[in-house]
Each structure stands twice: as structure tokens, then as C-alpha cells.
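If you're wondering where the values come from, they're calculated on a predicted model, not measured in any experiment. Any value given below was found using the heavy atoms of this structure, including those in side chains, with hydrogens, waters and symmetry copies removed. A note on names: the letters A, B, ... follow the listed sequences, proteins ahead of strands, and every chain is numbered from 1.
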Amino acid sequence: MISFIFRRLFTLIPLLLGITMLVFILMSLAPGDFLTPVKAQRDVPAELIEAIEAEFGLDRPWYVQYVKWLGNVVQGNLGHSWAYKLPVVDLIGQRLWATFLLSLSAFVFAWGVAIPLGVLAAIYKDSIFDRIASALAYAALSIPEFFLALLFVFVAAQTGWFPLGGATSIEYDYLNFFGKVGDRAYHLILPTLALGIGSIASIMRIMRANFLDTIRADFVTTARAKGLSEFVVMFKHALRNAINPLVSSFGFAFSGLLSGALMVEIVLQYPGLGQLMYQSILREDQFVVLASVMMGCSMLVFGNLLADILLAWSDPRIRLEKKK
Amino acid sequence: MAHSGFDKYAATRASLLGGLAVFLLSACNEVPVERPVVRVAPIPEDALVVDFPTGQFGANIVETLAGDLATVNPLVNESVAGSAVIGRILEGLITLDPNTGEVIPNLAKSWEISDDNLQYTFHLRRGVHWSDGHPFTADDVLFTWSTFFAKELDPDSGEPRLDENGRVQYRYTSRSTFGQMINGQEPTVEKLDAHTVRFTTPEVYAPFLLFGGGEEILPKHILKASFDDGTLMDQWSVETAINEPWKIVGLNMYVLESYRPGERIVFAKNPNYWKVNLDGERLPYVERVITKIVQDVNSSNVAFAQGLTDFESIAPDNVAWVKRGEARFDYTVLDMGPSNQTNFIWFNLNPGKDEEGVPYVEPHKFEWFSDQRFRQAISYGINREGIIRGVYFDRADVLHGYVSPKRKFWYNDAIRKYPYSPETSRALFAEMGFTYKAGKLHDSHGNPIEFSLMTNSSNGLRVEMATVYKENMADLGIEVELQFLDFNTIINKTSDSFNYESCMLGLGGGAPDPYAGKDILMSGGRLHQWYPQQPEPATEWEARIDELMLQIGRYTDVEKRKAYFFEVQTILAEQQPLIFLVSPKDFTGYRNRWQNVDPTPLGGVTWNEESLWAVPN
């Protein structure tokens with residue numbers, strides 16, 4: 001097990017090297033750099049621009065910048081944001097919780113709704129419930145996240161039922177504890193729905209298909225023949241077996257936990273990591289972009305690793321160790 | 001048991017998620033750190049008495065800010081949003097009159113300029129205190145200026161260290177380091193007594209009163225330690241604003257109370273502010289300013305139109321629908337007249353060649369572009385009224401020259417103007433030997449007159465203007481190819497690679513002194529768009545503008561400066577290196593509950609924010 005984890009983590013190194021180098025090349029190919037907008041301002045002296053260029057190393061070719069950056073990263077220094085004059089780690093730390101909270105609530109919402117729906121759709125296969133659920137799932141799958149978010153903005157603006165963006169209200173700081181929790185939750189409703197609805201549909205479809213496969217298996221017949229109640233057969237025996245394939249999707253969901261909400265955050269003005277990343281890309285605030293890319297990449301690897309470990313744990317047929 | 005793993009897993013997952021959620025919700029509810037108690041100093045003996053009717057204390061302003069804060073350190077800040085925040089906290093020695101645009105006293109109650117026009121003696125208000133209760137003195141002014149020009153010293157010789165190019169290395173290179181330098185030399189400042197400072201400029205430099213005097217003063221007692229240990233540029237970052245906002249100390253009417261990245265900034269009134277009302281009570285009336293951070297101007301306008309915010313400047317293309325809510329949400333939208341915003345077209349007049357020896361502009365096209373008559377003909381051929389009607393729905397004014405009519409004092413109305421007249425254009429083209437073949441204009445060598453125009457795709461109004469322009473040119477038999485590009489690409493092309501034919505951009509802000517335009521107007525300037533950073537003035541008229549600009553810098557006599565600047569405007573209008581189009585109007589909105597509102601075109605609606613009051617709700 002331990003050696004398996006180490007092996008997996010080891011693959012991260014070439015992966016990160018390749019991806020960061022690609023980001024560096026792409027950013028050097030993109031027109032302009034962090035200082036271009038500053039150059040267009042009339043009250044910025046040319047000498048200052050030169051001085052900052054030299055300070056940031058922007059006057060050097062990309063590979064020199066890359067090697068220098070890499071040297072710093074190896075020593076544990078992810079660099080400073082040029083726009084914020086802050087260590088990148090601190091900057092990301094500021095926004096991390098907001099995004100994590102949103103992703104988590106979308107995750108709980110999506111899985112919490114999708115799994116029961118999928119199971120019910122499988123048990124009552126071909127019933128009117130199954131058909132409606134399938135139709136809705138296809139509809140939800142075909143609406144892109146950002147469009148859903150735009151719709152929600154429109155609804156919020158028209159009705160005033162929901163806040164227009166943000167993570168807290170103006171009076172947040174003056175609320176008591178429960179007021180604060182309630183206020184956060186109120187602001188999470190729309191982003192959670194926008195982020196969750198798409199995945200509900202896909203998880204539900206997978207769950208339904210798996211469950212259908214499982215209830216046709218022999219052991220289910222055996223269980224029924226034993227005289228177990230239908231409820232116990234379905235939820236104790238069939239469900240446990242049907243859920244295994246979803247554990248690997250759980251790994252992917254985990255990898256999107258910090259970077260998957262980008263679109264929704266931008267459209268719904270939710271002050272999280274996605275907004276920071278997006279603005280950094282627009283501004284070409286290089287080190288922030290690099291750190292976010294590395295974070296997303298590492299989360300993917302960790303997510304898959306987690307899924308594999310969970311699978312091995314829940315399904316005894318899977319062994320991570322090589323057979324001796 | 002083959003499947004016993006699942007129960008464990010489910011239970012673990014549930015408790016893991018539940019635990020995390022609770023942890024998270026409590027994490028965002030951290031106990032606020034004790035704020036230091038602020039000493040409230042007595043009202044300063046030199047307090048400024050503001051001449052507005054007395055009002056009621058305690059209301060809050062709610063407003064929006066388009067764009068997030070990147071730093072509160074004025075030495076580091078480069079963003080408009082940052083300047084808006086810093087400008088609420090820090091103050092300069094002088095400020096501008098919201099009606100006339102003249103320099104008027106602020107932290108300095110008065111000043112004298114020596115007879116040789118080299119020395120500026122400022123008398124600071126007595127008894128003024130920083131927002132934390134520490135007295136404000138001449139030392140703060142000296143400290144502020146020492147941050148601009150502090151040099152890296154060689155530990156051995158004690159001499160300033162030089163970089164590879166032999167230039168002095170500054171410890172804290174900021175916009176002011178070079179911006180306050182006069183012809184490459186530093187002005188000096190000395191303390192005459194605790195409340196008097198004297199600046200000496202190395203040569204006569206008229207804009208010093210405005211540019212030097214307007215510099216925001218930094219608190220020595222707070223920042224001296226970081227100045228000494230070299231961490232000055234890292235101070236007052238967003239981290240400080242989030243965790244220790246009370247460390248950001250200022251002299252303006254607000255202090256930072258709290259900041260949540262991407263969400264909002266809360267300002268509280270500065271308990272030690274130095275302006276009082278007619279009853280001698282310390283201002284401002286406002287208790288707090290709650291600034292919600294939004295993505296862009298449109299979302300900001302939406303918030304105002306829903307009655308959520310108190311003051312708002314409204315984009316010309318949003319005015320129509322914002323006005324619709326006036327009665328329902330009890331606010332007023334005001335037309336403030338022409339703005340500082342200018343829009344213009346220019347042709348690439350750079351005669352140089354790229355690294356491969358290919359001229360930036362094809363020689364036959366360069367011949368057209370560099371002909372004054374050609375540029376005039378194009379200018380006559382643009383239907384500016386059409387742009388105003390079609391693009392701005394009448395919410396803009398024709399812009400005749402470099403100076404927007406908003407800057408009344410510097411605006412020369414007697415320059416040559418270019419009313420829409422295709423006939424005049426055709427006559428000028430004929431004079432140049434251009435002829436029409438099958439409705440298309442051709443030069444005397446038979447080349448069809450075609451060129452490209454680039455503008456930034458992110459500005460919708462500019463894209464529409466370019467489209468009208470293309471139509472106008474088509475009427476003259478000229479084919480314009482429009483290129484809508486990313487802003488960075490445009491800046492690269494205009495300042496670096498020079499491979500473009502013509503460009504449409506705009507300038508905003510409108511610096512109050514004509515000398516601020518030296519980078520645009522002088523031939524060696526970095527933003528001398530049509531041919532930047534010329535080694536020698538390329539034409540006689542550019543040489544003349546250079547000369548005039550130098551005089552504008554050198555003379556302190558306002559009438560003389562005005563005469564020189566009028567001549568600059570006359571030359572620009574004759575030569576049309578920049579073909580000006582239109583200037584959108586400014587619109588401002590405010591909720592009617594606010595009293596003492598006295599909007600002026602230059603100062604907007606919040607220039608007298610300290611006197612604004614409303615019944616607290």
C-alpha cells in the first residue's frame with residue numbers, strides 16, 4: 001500500500017514539470033505580459049517600467065525565467081504575486097475556504113440527491129418516475145454550467161429572492177453565529193445549484209445503470225430466495241455492490257474540488273479561487289497562474305489516488321500490491 | 001463478510017464530510033482580534049471649517065467598486081480600484097478646486113513660491129493628527145519624500161550603488177521615484193520647523209505645486225521601521241487589510257475597518273479628521289462606507305439601479321435604463337456634461353524598419369499617412385454627429401481637439417475644427433492627386449486607398465465607432481479593414497513591433513496640468529502614439545510642440561503657460577496626428593436621501609463627502 005502511494009506520488013514530478021513548462025511557454029507566446037497594461041498609462045515613467053521588468057525578470061527569455069522559478073519552487077518558494085505583492089501561498093489561502101465550501105456543498109448536494117434518485121429509478125425501472133427522472137437528467141446534462149449560472153443571475157435580479165453574487169451580505173460582520181451560518185448558506189444556494197445540477201444528472205445515470213446490473217446478479221436472487229425482505233435485498237445487498245464504480249468518479253469529483261467551480265464563481269461573482277485564477281490569467285500574473293495549475297494537477301493525482309485506495313478498501317477483489 | 005467495508009466507509013465518509021462542514025462554518029466565524037483603542041485628539045487649531053449647512057451624524061454609505069483591491073500601499077499600487085481605496089485614506093498637501101480646477105490648500109494651509117520659482121514653502125495645518133492619534137508634522141512629509149529617492153548604498157564606499165547600465169539603484173522604486181524627478185534630477189525637501197517644509201526644484205518646474213504638493217503623505221511613525229529594514233514595499237498589503245486594518249493609518253476622512261477579498265471593503269470614519277462643520281463639530285457625518293466589490297461597471301450600475309447603493313457614476317450606454325428606476329428607488333441621475341474621456345484615431349507615422357529591413361508601413365501608404373492633407377481629409381470625412389447619435393444615443397459630444405471641453409481652463413475653442421464634409425475630403429484628395437476609378441479612391445501611382453484600423457475588442461462602444469468610421473470611409477471610396485484585437489496585442493503593436501497601419505484608442509483620466517501630457521505630446525515620449533520615442537523630432541511641427549511643452553514646464557506664470565498650450569492645441573488641430581472623435585458625457589447618480597449634495601463637473605458628486613449626510617436608518 002505505502003509503496004503504491006509513493007509510486008503514484010512520484011508520477012506527480014514529471015507531470016508537474018511538463019505542465020508548468022507548458023504554461024510558461026504558452027504565457028510567453030501570449031501577447032504582452034503583466035506590464036503591458038501599465039505601459040498604456042500616461043503617468044507611468046518609462047524608467048519605472050524598465051526597473052520593474054528587470055525586477056520581475058520579464059526582460060529575460062522564458063526558459064531563464066522558468067529555471068529561476070523552478071529553483072525557487074524546489075526550495076519551497078512559490079513566488080510572489082506581482083499584482084498583490086503577496087506570497088502566492090497566502091493569496092491562494094485567502095480564497096481557498098470560500099471555494100472549498102462551495103465545492104463541498106455542491107458535492108454533498110449532487111451526491112445526496114443523485115444516488116437515491118438513481119437507485120429509485122433503477123428499482124422502478126420504466127415507470128413514469130424513471131422516465132421523468134431520465135428526461136430531467138438529459139435536460140440537466142445538456143445545459144452548460146455557465147448558462148445555468150446566467151439564468152440564476154437573471155432570476156435573482158428579477159425576483160430579488162436570492163442575493164446577486166458575493167458570499168456574505170453587507171451586515172455579515174454584525175450578525176451572531178447562527179446569523180452568519182444562515183447568511184453563508186443563503187449565499188451558497190444559487191452557486192451550489194448551478195454547480196451541482198449538472199453532476200446530479202450524470203451521477204444519477206451511472207447509479208441507475210450500475211444498480212440495474214447488480215439487481216440482475218445471482219446473489220440478489222439468492223438473497224431473495226433466502227426470504228429476505230425486498231428492502232434489505234435492495235439497500236443492504238444490491239446498493240453496496242452497485243456503488244463501487246461511483247467511488248472512482250468520487251476521485252474525479254475530488255480533483256475538481258478546488259478548481260472546478262471557476263465558471264460558476266465568475267458568473268455568480270462568488271469570491272473564490274476561480275475568480276482569482278481567472279483574473280490572474282487575464283493579468284498574466286504568472287506565478288499565481290502557475291501555482292493554481294499545479295494545485296489543480298496535484299488535486300487530480302490525489303483524487304485518483306484516493307479513489308483507488310477507497311476502491312481497494314470497499315471492494316476486496318481489488319489489491320493494490322503486486323502479487324508476490 | 002465480503003461487503004462489510006462499505007458500512008465503515010459510508011460512516012467514515014459521512015462523519016468526515018459533516019465534520020468538515022462544521023469546521024468550515026466555524027472557521028469563517030473567527031473571533032475578531034482586539035483592535036487598539038484610538039486616541040481622539042482635540043480638534044486641530046487649523047481645522048478646516050467647511051461651509052455647508054450642519055447635518056445629522058451616523059448614516060452609512062453603501063457603494064460598489066468595480067475591481068478588487070491588490071494592495072493599499074501607494075508605492076506599489078497600479079490599479080484604479082486600488083487608487084480609489086487609497087485615496088479615501090491618504091491625503092496630499094494640496095488638492096484641486098472642484099469648480100475651477102485650481103490648486104487649493106489641503107493639509108498645507110498655505111504656501112509661498114520664491115521669486116526665482118525654485119522654492120516652494122508649505123505651511124502645514126497645526127494640530128492635525130493621524131487617524132491613530134499620532135501628531136502629523138513636517139517629519140511625515142520628509143519621510144514620504146525620502147522613500148521615493150532612497151538609494152541602495154555600497155556598504156564599503158557609502159556611495160549609491162549603480163546597476164549594469166550605470167544608473168542609480170533606488171531602494172524603493174515606485175511610480176513617484178521617476179514621476180517626481182525633474183529632467184532626471186531629484187527635488188529636495190527640508191524641514192524649516194515642525195509645521196513648515198521647503199521643497200527646492202533643480203530647475204524651474206511649474207507643475208511641481210500640483211504634482212509634488214499632491215503627493216499622498218505617509219505616516220512616518222508607522223512605516224519608518226519597515227523603511228529601515230527594507231520591507232517597505234511589503235507593508236500595507238491585502239494581508240494587512242484583512243488581518244490588521246488598523247495598521248493602515250491616514251489623514252483622510254476614513255480608515256479601513258475591514259476587508260474581505262472579492263467581497264467588500266468597509267471604511268469607518270476617521271475619528272481624528274481635520275475638517276469641521278459650521279458648529280465646530282468634527283466631520284464626516286458618515287459613520288461607515290460599505291463598498292461591495294463587483295466585477296465591472298455594468299454590475300455596479302445594476303446595483304445602483306436596484307436602489308442598493310448610494311452614489312454611482314453611470315456609463316453613457318447604461319443611462320437610459322438606469323434612469324427608469326429614478327421614481328421607484330428614489331434616486332437622481334445627473335448629466336454632468338463632457339467627461340475627460342477622449343477617443344481618437346491615428347495613423348502609424350513611424351518611418352523605421354523592422355529587424356529584417358522591412359518598413360513598418362508600406363512606403364506608398366507611408367506617403368499618404370505622412371501627408372497632412374490626407375489626415376485632414378480623413379478627419380473631414382468622419383461623421384462625428386452620426387457616431388454620437390448612432391453609438392452613444394446623444395450621450396456624447398464632438399471632440400475637436402486634444403483637450404476635452406470639460407477642462408474649461410485649458411480648453412482652446414479657436415482651433416481648426418473638422419465638421420463632417422465629404423466634399424472637403426474629396427477636394428483635399430484631389431489636391432493630392434488622388435483619383436476615383438469605379439467609385440474607389442486611388443493615389444497618383446494607381447494604388448487603391450486601403451488600410452487597416454485596429455481597436456480593442458473589449459470596448460464595445462469603440463467597436464461600434466470603428467464600424468461607423470468604416471462606413472464613412474467607404475463613402476469616400478476608401479476601404480478600411482477593421483481588426484478587433486486584444487488590448488495587450490494592441491499595446492504591443494503600438495509600442496513595440498509597430499506593424500500596424502492605424503489604430504483607434506482613447507485616453508481617460510485627464511490630468512489637471514498640461515505638462516502631464518508630455519509623454520504623449522513630446523516627440524521623444526513613450527506614448528507619442530503615431531511615432532513614439534523619436535530620437536530627433538521627425539517634423540518641424542513636432543519640434544515646435546517639444547519646444548512649447550518645455551516652456552509649459554518651465555514657466556510658472558499661468559497666462560503664459562496657457563498661451564503655449566493653446567498653440568500646442570492649434571498645431572495638433574492643423575496637423576491631425578491624432579484624429580479626435582467624440583467624448584462621452586459623464587453621468588452621476590445619487591439617492592435622494594443624501595443632503596448637502598453639490599455636484600460639480602470636475603469634482604463629481606462626492607467631492608464634499610465630509611459634508612454629505614442622511615438620516616441614519
Side-chain angles (χ1 to χ4, degrees), chain A residues 30-33 36-48 51-52 54-55 81 83-86 90-91 94-95 97-98 100-101 104-105 107-108 157 160 164-168 170 173 177 180-181 184 237 239-241 243 266 269-272 275-276 279 284 310 313-316, chain B residues 2-3 5-6 8-9 17 20-21 24-25 27-29 62 68 70-71 73 76 78-79 163 167 170 173-175 177-179 181 233-234 237-239 242 258 260-264 266 290 292-295 299 302-303 306 486-489 491-492 495 507 509 511 516-517 519-520 526-527:
Chain A
D33 56 41
T36 308
V38 183
K39 283 182 193 160
Q41 293 177 28
R42 69 170 116 185
D43 54 346
V44 182
E47 295 90 338
L48 175 63
I52 301 178
E55 187 195 326
S81 155
Y84 290 85
K85 298 277 165 185
L86 268 185
D90 295 357
L91 195 62
Q94 283 171 14
R95 308 284 185 115
W97 289 119
F100 192 63
L101 193 61
L104 197 70
S105 81
F107 181 85
V108 171
L164 265 178
T168 53
I170 282 169
D173 289 326
F177 175 76
K180 283 185 181 183
V181 173
R184 286 250 164 196
H237 294 254
L239 181 63
R240 280 185 200 168
N241 283 283
I243 211 156
I266 292 165
Q269 304 208 2
Y270 187 83
Q275 269 197 7
L276 178 74
Q279 275 154 9
E284 304 203 31
L310 286 177
W313 186 20
S314 76
D315 187 343
Chain B
H3 306 293
F6 180 68
K8 263 191 276 171
Y9 158 60
L17 293 184
L20 265 175
L24 273 170
L25 285 168
C28 55
N29 192 43
V62 179
D68 202 354
T71 173
N73 188 335
V76 176
E78 286 298 345
S79 77
D163 68 3
R167 281 178 305 203
Y170 290 93
T173 311
S174 69
R175 183 184 284 227
T177 304
F178 301 107
M181 232 166 322
M233 299 309 244
D234 305 330
S237 66
V238 282
E239 200 83 322
I242 296 167
S258 70
R260 281 174 182 273
E263 290 189 64
R264 77 184 146 274
V266 180
I290 299 156
K292 211 169 138 54
I293 294 165
V294 295
Q295 301 267 358
S299 0
V302 170
Q306 292 189 320
D486 169 60
F487 187 68
N488 278 4
T489 312
I491 300 304
N492 257 6
S495 62
L507 277 175
D519 249 359
I520 299 163
R526 192 168 53 79
L527 295 176

What part of [X] gets within 4.5 angstrom of chain A, counting heavy atoms only: side chain, backbone, both, or neither?
{"X": "B:Ser174", "result": "backbone"}
{"X": "B:Gln306", "result": "side chain"}
{"X": "B:Thr177", "result": "neither"}
{"X": "B:Val294", "result": "both"}

Exercise: do A:Gln94 and B:Glu239 side chains pair donor with acceptor under 3.5 Å: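 Yes, a side-chain donor-acceptor pair sits under 3.5 Å.
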
Any residue meeting side chain to side chain donor-acceptor pair (under 3.5 Å) with B:Thr71, in chain and number order, not counting sequence neighbours: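 For B:Thr71, no residue satisfies side chain to side chain donor-acceptor pair (under 3.5 Å) once neighbours in sequence are set aside.
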
Test item: B:Leu507 and B:Leu527 side chains (from C-beta on) under 4.5 Å apart, heavy atoms: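 They are not in contact (no side-chain heavy atoms under 4.5 Å apart), so the answer is no.
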
Partners passing side-chain contact (heavy atoms from CB on, under 4.5 Å) against B:Ser495 (at least two apart in sequence or in another chain):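 Only B:Ile491 meet the side-chain contact (heavy atoms from CB on, under 4.5 Å) criterion with B:Ser495.
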
